[in-house]
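Excluded from the calculations below are hydrogen atoms, water molecules and symmetry mates; all remaining heavy atoms, backbone and side chain alike, are included. Quantities reported herein were computed from a predicted structural model and do not represent experimental measurements. Numbers here simply count residues along the sequence, with the first being 1.
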Amino acid sequence: MTSNDEYVLQILLENQVVSKADADKAALKVAGEGASVVDILVNTGVLSEEQVLGTLAQTFGMEFVDISQVELSDDLRNVLSGDLAKKFKVVPLYVAGSTLTVAMADPMNFETLDGLRYALGRDVDGVIAPLKQIVTALGMLYPEQELSDMDSLLGEISAGEAKGGADQAELGLEEQLGAAQAGEADAPIVKLCAQIIMKAFVARASDIHLEPMEKHFRIRYRIDGVLHEQEPPPRRLQGAILQRFKLMANMKLSEKRIPQDGRIQIKVKNRELDLRVSTVPTGHGESIVMRILDKQNLSLGLPELGFLTDDQQFFENLITLPDGVILVTGPTGSGKTTTLYACLGQINKPDRKIITVEDPVEYQMSGINQVHVHSDIGMTFAAALRAILRQAPNIVMIGEIRDIETASIATEAALTGHLVFSTLHTNDAPSAITRLLDIGVKPFLVASALRAVMAQRLVRNICNECRESYDPTEVELRSLGLNPVENPNVQLYRGHGCQRCHQGGYKGRKGIFEIFKVDDEIQRMIFENNGARELRIRAREMGMRTLREDGVRKVLAGITTLEEVLRVTMGDED
């Protein structure tokens, strides 16, 4: 019921709202039903929710409100967005001066009011109201978001229904919701899990994180690279939710001691999604992360990646070379795989044979032969590469170069007339050469085979709906490399925050790039085993823009903000 049920029980006992005997009797059911003592007291009718909340209101000096007796104005939607209201599980009641009063069901969650004050930039006061009334009021005030409201399901799910659902993983989410509403199988749990995925899809999340904590079950979505905490279901439903997702991913339900990997293929609003599912045992239960792979992203071309015109033309010329190795570098989550797929989509023609070696195959691409790595049976990157080179491909894509064997085969393939794309984990483009040499590839092979390296990062786009201009400070201008005296009229842009971008000011992401072409002089320096610093100096003399410099161009173009560029490129400058 609240974020600290043990403390609530202590308050109820001290105020003689419940007897010690009733509390002890309810405590005996905790282990069996997976609910708290307070929840059991309410579910069995010993206490009402109004009694509990009324006692807490008196203890904390807050007002207890019957929302059904309050007239909710439509204007309140302009004060508090539906996303924020449902994230914090509050209902806006009225505004007095600069202070917004909201109804909340959990007075023990002290972060609610602080979070709202920070998000809205105004004073926020709280009153207490029953959860069922809050759910009903949210549905009335924000009807367009009814589908994504998790709380509307909780009244349907009792502790006895907290079991794994029937196997409907092959159905689309809309069909699962329809089957659940028709009363099939363990409908509430099925519907709840379907809505977790649906809400993530609507929010454009790339990952869903289900994390058992000591006292609550946390759900977070990664949106534009940043994790956002969502409304959590009661902890007593943790096991049922995790079992349901494991069932959908064809995992072993009885195995909870070792990590497992699985896959969910599902349709959402006529779009096919693949969810790569991973479980890891933790101290409070299995943690599940689901990576959402939207097949529509395969249609991304090079312009959609974020290239400015000159860089796009330069890179397009590189990927049409007849042979050689082209590397994309960056940390995990920097969009390397998406860039490789965009490259393959650009050069995928009927007269070319393209084969990829991936671990795992993230997207199925029409007209391309894709090979899945299975290291446990000996199908490693190196073994797959040896086999596919006998298939006479024109172009080869390797998911990642991880060892000397894979690197050597890739460079030798490039020297025998193949165009090879792959990725490395390095901070900048010139460091890729040092990395290949450290792995053990001979300098003459690197110098002869490597054509170019592109480092990249992802920065969040300013939301177009709430984008606004402002006058930068002198510090900001100097960070952009501009003299404040010589550039007095420069305008920068930022997002004010709106419902479309969940009050964050950003929506979507684009890449910033550092393209390093290997010319004759660079080849000589590689052969002489020069370090990354010398290579970088030479590349800058050739006109290579660093990640920071490309980011600054996109700040001045109004695509992203200076804070974003500094966040992802910190430390990449000499």
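Defined by atom type and a distance below 3.5 Å, a donor-acceptor pair is present between the side-chain atoms of Tyr506 and Thr561. Glu514 and Gln456 share no donor-acceptor pair across their side chains, judged by distance under 3.5 Å alone.
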Original post:
Would Glu521 and Arg538 count as a salt bridge (charged side-chain N to carboxylate O under 4.0 Å, His left out) if you check the C-alpha gap in whole Å, the side-chain angles of each, and the deciding distance to 0.1 Å?
Top reply: CA-CA 8 Å; Glu521 176 65 17; Arg538 170 58 185 163; 5.1 Å; no

**OP:** Could you walk me through whether Tyr221 and Ser206 pass the side chain to side chain donor-acceptor pair (under 3.5 Å) test, one step at a time?
**Re:** CA-CA 7 Å; Tyr221 295 157; Ser206 60; over 6 Å; no

**OP:** Determine, stepwise, if the pair Phe527 / Ser448 fulfils side chain to side chain contact (heavy atoms under 4.5 Å, CB included).
**Re:** CA-CA 9 Å; Phe527 188 76; Ser448 304; over 6 Å; no

**OP:** Test side chain to side chain contact (heavy atoms under 4.5 Å, CB included) on Val371 and Thr356 and set out the steps.
**Re:** CA-CA 6 Å; Val371 178; Thr356 72; 5.8 Å; no

**OP:** Go through the steps for Arg553 and Asp311 under the test salt bridge (charged side-chain N to carboxylate O under 4.0 Å, His left out), then give the verdict.
**Re:** CA-CA 12 Å; Arg553 290 204 304 165; Asp311 279 344; 3.2 Å; yes

**OP:** Quick one: do Gln391 and Lys353 satisfy side chain to side chain contact (heavy atoms under 4.5 Å, CB included)? Show the steps, please.
**Re:** CA-CA 9 Å; Gln391 298 281 309; Lys353 179 162 185 174; 3.7 Å; yes

Original post:
What do the steps show when you test Val190 against Arg244 for side chain to side chain contact (heavy atoms under 4.5 Å, CB included), and what is the final call?
Top reply: CA-CA 7 Å; Val190 172; Arg244 170 64 187 163; 3.9 Å; yes

Original post:
Between Glu316 and Gln346, is a side chain to side chain donor-acceptor pair (under 3.5 Å) present by the stated rule, with each step listed?
Top reply: CA-CA 9 Å; Glu316 284 178 347; Gln346 182 91 358; 3.3 Å; yes

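By the 4.0 Å N-to-carboxylate-O rule, Arg536 lies too far from Glu534 to be salt-bridged with it. Under 4.0 Å is where a charged nitrogen must lie from a carboxylate oxygen, and between Asp438 and Arg435 no such pair does. Here Asp310 pairs with Arg545 in a salt bridge; the nearest charged N to carboxylate O distance falls below 4.0 Å. Ion pair Arg524/Glu528 flagged as a salt bridge, since at least one NZ, NE, NH1 or NH2 atom sits closer than 4.0 Å to an Asp/Glu carboxylate oxygen. A salt bridge links Glu549 to Arg540: at least one charged side-chain nitrogen sits closer than 4.0 Å to a carboxylate oxygen. Look at Asp261 and Arg276 and you find no salt bridge, because none of the NZ, NE, NH1 or NH2 atoms lies under 4.0 Å from a carboxylate O. The pair Glu231-Lys86 does not meet the salt-bridge criterion, since no charged nitrogen lies less than 4.0 angstrom from a carboxylate oxygen.
Side-chain contact between Ser422 and Leu327 is present, with heavy atoms from C-beta onward closer than 4.5 Å. Contact of the Arg222 side chain with the His209 side chain is registered, since non-hydrogen atoms from C-beta on lie closer than 4.5 Å. Using a 4.5 Å heavy-atom threshold, the side chains of Phe381 and Ile401 count as separate. Leu318 has its side chain within reach of Lys517: a pair of non-hydrogen atoms, C-beta onward, lies under 4.5 Å apart. Proximity of Arg402 to Leu424: side-chain heavy atoms (C-beta onward) are nowhere separated by under 4.5 Å. Looking only at side-chain heavy atoms (C-beta outward), Ile522 and Pro430 stay at 4.5 Å or farther from each other. Using a 4.5 Å heavy-atom cutoff, the side chains of Lys554 and Val565 are not in contact. Residues Ile196 and Ile208 are in side-chain contact: their nearest non-hydrogen atoms beyond the backbone lie under 4.5 Å apart.
When all heavy atoms are compared, the tightest approach of His372 to Met379 is O-CG, 3.9 Å. Across every non-hydrogen atom of Met544 and Phe516, the tightest pair is SD-CB, 3.7 Å. Between Leu450 and Val325, the shortest heavy-atom contact is CD1-O, 3.5 Å. The minimum heavy-atom distance between Asn530 and Leu535, with the atom names listed, is O-CD1, 4.0 Å. Minimum heavy-atom separation, Ile319 to Cys343: CG2-SG, 4.0 Å. In terms of heavy atoms, Leu242 sits closest to Pro212 at CD1-CG, 4.3 Å.
Interatomic distance, Met290 CE to Phe245 CZ, rounded to the nearest 0.5 Å: 4.0 Å. Summarising the geometry, atom CD1 belonging to Ile515 is positioned 6.0 Å from atom CE belonging to Met454; distances are rounded to the nearest 0.5 Å. With values rounded to the nearest 0.5 angstrom, Arg352 atom CZ is found 5.0 Å from Ile395 atom CD1. Once rounded to the nearest 0.5 Å, the distance linking CG of Leu227 with CG of Asp207 reads 8.0 Å. Rounded to the nearest 0.5 angstrom, Ile462 CD1 and Cys501 SG are separated by 11.0 Å. Rounding to the nearest 0.5 Å places CZ of Arg494 at 11.5 Å from SG of Cys466.
Paired with Ile354 under the rule side chain to side chain contact (heavy atoms under 4.5 Å, CB included), one option of Asn369, Leu344, Asn394, Leu419 passes, and it is Leu344. Looking at Arg204, Lys507, Arg460, Arg509 one by one, the single match for side chain to side chain contact (heavy atoms under 4.5 Å, CB included) with Ile223 turns out to be Arg204.
In this structure a side-chain-to-backbone donor-acceptor pair under 3.5 Å is missing from Asn461 to Thr560. Looking at Gln265, its side chain never comes within 3.5 Å of a backbone N or O of Leu273 through a donor-acceptor pair. For Thr406 (side chain) and Asp403 (main-chain N/O), no donor-acceptor pair under 3.5 Å exists by modelled atom type. Remark: the backbone N or O of Gly399 is paired with a side-chain donor or acceptor of Thr423 at under 3.5 angstrom. Checking side-chain atoms of Gln523 against main-chain N and O of Ala447 turns up a donor-acceptor pair under 3.5 Å. Looking only at distances, a side-chain donor or acceptor of Gln260 sits under 3.5 Å from a matching main-chain atom of Lys252. Glu255 places a side-chain N or O within 3.5 Å of a backbone atom of Arg257 that can act as its donor or acceptor partner.
Residue pairs meeting the side-chain hydrogen bond (donor to acceptor under 3.5 Å, both in side chains) criterion with at least one partner in residues 319-331, sequence neighbours excluded, are Asp323-Arg451, Thr329-Thr426.
With a 6.0 Å radius and a threshold of 12 heavy atoms from other residues, nucleotides or ligands, Lys246 has its NZ atom above the threshold. Heavy atoms of other residues, nucleotides or ligands lying less than 6.0 angstrom from CD of Gln313 number 12 at most. The environment of CG in Asp520 is sparse: at most 12 heavy-atom neighbours from other residues, nucleotides or ligands sit within 6.0 Å. In Lys510, the NZ atom is crowded: over 12 heavy atoms of neighbouring residues, nucleotides or ligands sit closer than 6.0 Å.
For Glu214, the salt bridge (charged side-chain N to carboxylate O under 4.0 Å, His left out) criterion is met by no residue, not counting sequence neighbours.
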